[in-house]
Asks: 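Input: one structure, supplied below.
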Amino acid sequence: MGMRDEFKSAGIRLLSDPRLLKLLQNEQLLRTLSTLIEVPDRLGELGSEQGARFAKNLHLATDERVRSLEARLELLEAEVASLRQAR
């Protein structure tokens, strides 16, 4: 029996335990669990906000700004090429 099968059988045993079922009916516990599930997303948002603020304070280019400038450069290069052909 592999590790996956052992985890699956342990999970099934836990889900059939009446004590766990009673806990899962507790509204406060469910709110806490849903908050815990949201934590990685919230930390990711906080990290990206802090990174953007840090880059702005040090006048560094962010990935978004670099992509924007690259797109603008491509447009300008295309415009220069079309002007050269028009001559």
Side-chain angles (χ1 to χ4, degrees):
M1 184 184 245
M3 192 180 224
R4 182 179 175 163
D5 294 330
E6 288 180 30
F7 279 130
K8 192 183 271 187
S9 64
I12 292 171
R13 280 195 310 264
L14 276 175
L15 288 175
S16 64
D17 189 345
R19 295 174 294 181
L20 181 66
L21 293 175
K22 185 175 181 179
L23 272 177
L24 289 177
Q25 292 174 354
N26 185 342
E27 187 176 328
Q28 186 177 5
L29 176 72
L30 291 176
R31 275 198 308 258
T32 304
L33 288 175
S34 66
T35 302
L36 285 174
I37 291 170
E38 294 173 4
V39 166
D41 291 336
R42 290 184 182 186
L43 288 178
E45 292 171 5
L46 179 65
S48 61
E49 290 173 6
Q50 292 290 337
R53 190 176 308 134
F54 179 75
K56 182 179 178 183
N57 289 340
L58 293 179
H59 304 290
L60 300 174
T62 60
D63 286 340
E64 181 181 325
R65 183 70 175 141
V66 169
R67 282 193 296 271
S68 170
L69 290 172
E70 286 174 343
R72 179 74 176 137
L73 180 62
E74 287 177 11
L75 289 173
L76 290 173
E77 287 174 342
E79 188 176 333
V80 166
S82 68
L83 288 173
R84 282 188 180 155
Q85 286 180 351
R87 277 201 282 167

Asks: Of all heavy-atom pairs between Leu21 and Leu15, which one has the smallest distance, and what is that distance?
Replies: CD2-O, 3.6 Å

Asks: Could you tell me which residues satisfy side chain to side chain contact (heavy atoms under 4.5 Å, CB included) with Arg13, sequence neighbours excluded, listed by chain and number?
Replies: Ser9, Ala10

Asks: Name all pairs fulfilling the side-chain hydrogen bond (donor to acceptor under 3.5 Å, both in side chains) condition that reach into residues 73-87, sequence neighbours left out, sorted by first residue then second.
Replies: none

Asks: Got a sec, which pairs hit side-chain hydrogen bond (donor to acceptor under 3.5 Å, both in side chains) with one end in residues 14-25, sequence neighbours left out?
Replies: Asp17-Arg19

Asks: With ILVMFWY side chains joined below 4.5 Å, transitively, what does Phe54's cluster contain besides itself?
Replies: Leu58, Leu60

Asks: Can you name the salt bridge (Lys or Arg N to Asp or Glu O under 4.0 Å) partners of Glu38, sequence neighbours left out?
Replies: Arg42

Asks: Taking Ser68 for its side chain and Glu64 for its backbone only, find out whether a donor-acceptor pair lies under 3.5 Å.
Replies: no

Asks: Of all residues at least two apart in sequence or in a different chain, which pass the side-chain hydrogen bond (donor to acceptor under 3.5 Å, both in side chains) check with Arg53?
Replies: Gln50

Asks: Sequence neighbours left out, what passes salt bridge (Lys or Arg N to Asp or Glu O under 4.0 Å) with Glu27? Give chain and number order.
Replies: Arg31

Asks: Could you list the residues that satisfy side chain to side chain contact (heavy atoms under 4.5 Å, CB included) with Leu29, not counting sequence neighbours?
Replies: Leu23, Asn26, Leu33

